[in-house]
Amino acid sequence: MDANTASGEINYKQVTRETATGLREFLYRGIPYAGSEGGTGDLDGGFAVYTDLTEVSRNERRLEVLNRVLRHNLRNNANVVAGHTTRLLAELDDQGGETTDVAATIERAAHELERLAEEASHIRRVLEHPTDEATDIDPEPMVRAVVDDHREQSPSAAIEVDIADNGPVMADSRLRYAIDSLVDNAIEHNPRPEPRVRVRVDDAEDAPGAASDEWIAIHVEDDGPRIPADERDVILDGSEITSTHHGSGLGLWLTELTVETFGGELSFAASDLGGNDVSLRLRRRDRRERS
């Protein structure tokens, strides 16, 4: 690396160095410099700049281990539990007894673990790739595809779609994770036998009654119980995440992190359906930029 610097080449490398506190990882940058003004212009030496990456590298490795091992084991074991519980339920003679209720509770918990593993996988995909500012996508086909999937998966749910002609937004295909998660939550957390959900896309409002030309909003509304205040607050207010203050699942975190990736905003309100109105506010791709 010194030879590269001496030849006039700016060079970079991630290296391990022994320090007073042990081995640590650094980003090394070798930067050559020439003599003072009026000199010959020959290289006089160079700077070696070290940036300590130890904690960043260690945390990345730890998160990778946790993600791969826990997500893999969680999904596999949840599949085993769900599969055996389903067989157990089918073979029970007394389908209305306490044993059946216990087995059904285990089955629901196993499916919830499967969903957590899937949401964790989606979060990883959202976070591991930077966003290209030039990327845009039309949300209408995405919204309709998500709704079609959930109509098939949950035939008892009444899902409405109301989409204005808004054009593309500054996002990519990962936006589907956020929309899908909100529709899934609106159905799964609604105790009504026939949950009602409305997915609406229209101009965002900067202030009550004032439409914005630069932003659109994707609303997912329901007639279920309101999302508890502490669930909303931990997502929105930036407060410290603790063992008791972190939210009960990954669905809203997945939505928030996805929208945040695209420079958008998540918000909560009451819906005229009687439940929640969770909206994703995203910047519209200017039609002049596309022409």
Side-chain angles (χ1 to χ4, degrees), residues 101 104-105 107-109 111-112 115-116 118-119 122 139-166 169 175-212 215-237 239 244-260 264-282:
D101 292 339
T105 300
E107 184 181 38
R108 286 194 298 271
H111 287 309
E112 180 63 26
R115 187 166 61 178
L116 282 173
E118 183 179 9
E119 288 172 340
H122 292 336
E140 179 174 355
M142 184 179 293
V143 166
R144 294 194 183 279
V146 169
V147 168
D148 287 344
D149 285 348
H150 283 281
R151 281 173 174 164
E152 182 177 346
Q153 296 166 14
S154 305
S156 63
I159 310 177
E160 309 168 33
V161 179
D162 181 6
I163 302 179
D165 181 16
N166 291 286
V169 295
L175 177 61
R176 177 167 180 151
Y177 297 145
I179 300 170
D180 183 78
S181 179
L182 290 182
V183 176
D184 185 69
N185 283 347
I187 297 172
E188 290 296 322
H189 297 291
N190 191 333
R192 296 176 183 270
E194 297 181 354
R196 186 180 175 194
V197 180
R198 179 169 62 207
V199 185
R200 178 167 52 90
V201 184
D202 57 18
D203 291 334
E205 294 183 353
D206 290 333
S212 167
W215 298 81
I216 73 164
I218 302 174
H219 299 263
V220 178
E221 302 173 76
D222 61 57
D223 63 346
R226 293 298 305 278
I227 299 171
D230 58 345
E231 295 272 342
R232 303 192 304 265
D233 293 345
V234 73
I235 299 291
L236 298 181
D237 66 7
S239 60
T244 58
H245 188 61
H246 53 72
S248 61
L250 293 179
L252 288 178
W253 281 115
L254 171 58
T255 303
E256 163 65 12
L257 293 170
T258 304
V259 176
E260 183 181 80
E265 182 181 36
L266 175 68
S267 63
F268 300 90
S271 168
D272 60 14
L273 298 181
N276 303 280
D277 177 357
V278 186
S279 62
L280 317 177
R281 186 170 174 265
L282 297 163

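The shown structure was predicted, so the numbers you read here are calculated from the model rather than taken from an experiment.
- Residues satisfying the side-chain contact (heavy atoms from CB on, under 4.5 Å) criterion with Pro155, sequence neighbours excluded, are absent altogether.
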Would you check, one step at a time, whether the test side chain to side chain contact (heavy atoms under 4.5 Å, CB included) holds for Leu175 with Ile218? CA-CA 11 Å; Leu175 177 61; Ile218 302 174; 4.3 Å; yes
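- Remark: Glu140 pairs with Arg144 by the salt bridge (Lys or Arg N to Asp or Glu O under 4.0 Å) rule, at least two apart or across chains.
- For the atom pair CG (Asp184) and CD1 (Ile179), the distance works out to 13.5 Å, reported to the nearest 0.5 Å.
- For the residue pair Ser154 and Ile187, the shortest heavy atom distance occurs at OG-CG2, 3.8 Å.
- For Asp222, the side-chain hydrogen bond (donor to acceptor under 3.5 Å, both in side chains) criterion is met by Asn276, not counting sequence neighbours.
- Just one residue in the list Leu280, Leu182, Thr255 forms a side chain to side chain contact (heavy atoms under 4.5 Å, CB included) with Val220, and that residue is Leu182.
- Legend: residues meeting salt bridge (Lys or Arg N to Asp or Glu O under 4.0 Å) with Glu256, ordered by chain and number and at least two apart, are absent.
- Residues passing the ring-ring contact (aromatic ring centres under 6.0 Å, His included) test with Phe268: none are found, sequence neighbours excluded.
- A donor-acceptor pair under 3.5 Å is formed between the side chain of Thr258 and the backbone N or O of Leu254.
- Partners of Ala229 by side-chain contact (heavy atoms from CB on, under 4.5 Å), not counting sequence neighbours, listed by chain and number: Arg232, Asp233.
- By the side-chain hydrogen bond (donor to acceptor under 3.5 Å, both in side chains) test, Asp149 pairs with Arg176, sequence neighbours left out.
- Between atom CG of residue Leu266 and atom CH2 of residue Trp253 there is a gap of 10.5 Å, rounded to the nearest 0.5 Å.
- Asn185 pairs by the side-chain hydrogen bond (donor to acceptor under 3.5 Å, both in side chains) definition with nothing, not counting sequence neighbours.
- To the nearest 0.5 Å, atom NE2 of residue His150 and atom CD of residue Glu188 are 9.0 Å apart.
- For Arg151, the salt bridge (Lys or Arg N to Asp or Glu O under 4.0 Å) test picks out Asp148, with sequence neighbours left out.
- By the side-chain hydrogen bond (donor to acceptor under 3.5 Å, both in side chains) test, Arg198 pairs with Glu221, Asp272, sequence neighbours left out.
- Listed by chain and number, the residues in a side-chain contact (heavy atoms from CB on, under 4.5 Å) with Ala217 are Asp202, Ala204, His219 (sequence neighbours excluded).
- With sequence neighbours excluded, the residues forming a salt bridge (Lys or Arg N to Asp or Glu O under 4.0 Å) with Glu160 are Arg196, listed by chain and number.
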